[in-house]
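Here the structure comes first, spelled out in structure tokens, and everything after it is commentary.
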Amino acid sequence: MEEGDGFHFGAEACKACAAFFRRSVSQKRIYTCRGANDCDITVNIRCMCRACRYSKCLEVGMNPMGVLAKPSPSPSKPSPYPSETIQPFPSSPTQTTRAALLTITLPSSFNDSMPLLSKMRSNYQKLCNARIVIHREDGQSLFEEKAPRALNYQEAVAQSMKDVRLTSDWISWCFEDFVKLPMEEKNNLFRNFYTPYYMMEGAFASHLANMIYAVVLPSGDYLDMTQMETFYGSIEVKQPLDKEQIENLFKPSFDYHRKALILPMISEDIDIYEFFALTTLLLWNTTLETITEETIKTGKSVKDQLLKEIGFYLKNVKKVEDRVVRVATIVNMLPDVYKVTKRNQDNLEMSQIFNIYTADKKFYDLLTGNFI
DNA sequence: TTTCAAGGTCATC
DNA sequence: GATGACCTTGAAA
């Protein structure tokens with residue numbers, strides 16, 4: 001390769017190779033080597049084999065994640081967030097970069113070494129596409145982009161009821177071992193998985209959108225932590241409590257959600273594959289008392305595979321120097337996910353007691369672990 | 001204000 | 001259609 005003229009996508013490279021790498025990633029090109037994947041890539045013959053040129057780019061340390069997703073061709077597209085919400089949702093220069101994490105596709109040589117994470121990645125895209133369909137507003141065309149808005153509690157519950165089935169489908173698409181389990185075992189695992197996962201995904205989505213005072217829901221809509229009375233307000237039900245009383249009741253647990261999950265995800269810059277690792281660990285919770293020895297064995301083997309793959313990912317794709325520390329950072333988020341879940345469940349109990357809003361019985365059962 | 005690394009454009013092959 | 005030189009942009013120092 002030609003001597004580098006500066007840093008490009010995380011590595012010293014020439015401008016030509018930087019442009020080649022940028023195009024390859026942004027256009028998701030897949031190259032095939034006609035030889036044995038060992039072509040000599042030098043200044044004069046670098047154009048002879050694109051597959052090997054791309055491999056060489058990766059080899060010297062160029063990171064596909066540094067390449068932003070191709071922007072939408074429509075420049076007149078409205079901002080996804082209302083302009084008056086600048087204070088709770090600071091617009092971040094890195095917002096596009098974070099969102100781009102969702103669209104990056106790794107070269108197939110990497111995917112072969114991390115089959116589970118790759119499968120989760122491609123199926124997550126499928127899940128996101130399905131969500132666009134089921135969460136579209138009444139009368140909204142499938143082709144127009146939905147503008148995210150702040151939801152009240154009732155609307156959030158209604159959306160979650162729709163989304164739970166998609167999440168269970170996603171889990172089934174990703175884990176053959178899960179599909180093979182007896183029905184009762186599946187229910188045991190999923191029942192204990194869904195609520196913590198829902199909390200974690202909300203925090204992860206807030207991190208991707210850089211919305212530190214909002215929990216972003218699967219639909220793209222969000223819960224505005226700065227407007228608690230709106231969140232607990234409902235058109236049909238009159239509030240028995242005033243704004244201050246509502247804040248006193250619920251604000252601490254929203255603050256806790258922000259401090260324990262959203263802010264750590266932002267400060268650690270958790271990426272999509274690390275999020276999948278957390279998802280896997282949440283699902284295959286082998287310390288549950290209600291599951292059989294057989295399920296525990298299966299769960300352990302899935303988690304072993306996951307740890308191997310995330311190790312590979314951190315080493316070869318993300319190029320993390322101290323992988324042990326990084327894995328520990330990721331795994332250490334799990335207790336906080338459970339703590340936030342517990343706080344949220346307590347909140348729901350409280351809203352029942354004070355009759356602030358009578359949640360759909362099915363959703364209430366789901367959140368408190370009574371889901372069949 | 002300068003520097004650097006990103007994306008965009010376009011003549012050339 | 002792919003490439004690479006050149007240009008513009010925006011963040012950080």
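Reminder, nothing fancy here: chain letters follow the sequence lines and each chain counts from 1. Every value quoted in this text rests on a predicted model; they were computed, and no experiment measured them.
Taking atom CZ on Phe21(A) and atom P on dG8(B), their separation rounds to 16 Å, with Å as the unit. Rounded to an integer number of Å, the gap from NZ of Lys15(A) to P of dT8(C) is 14 Å.
With sequence neighbours left out, Asn285(A) forms a side chain to side chain contact (heavy atoms under 4.5 Å, CB included) with Thr287(A), Leu288(A), Tyr338(A). Residues passing the side-chain hydrogen bond (donor to acceptor under 3.5 Å, both in side chains) test with Glu185(A), sequence neighbours excluded: Thr292(A), Thr295(A).
For Phe20(A), taking side-chain heavy atoms from C-beta onward, the closest of the listed nucleotides dT3(C), dG7(B), dA6(B) is dT3(C). Listed nucleotides dA6(B), dG4(C), dG8(B) differ in distance to Arg22(A); the shortest reach to its side chain belongs to dG8(B).
A donor N or O paired with an acceptor N or O is not found under 3.5 Å between the base of dG1(C) and the side-chain atoms of Arg23(A).
A salt bridge links Lys119(A) and Glu176(A); the closest N-O separation between the charged side-chain nitrogens and carboxylate oxygens is under 4.0 Å.
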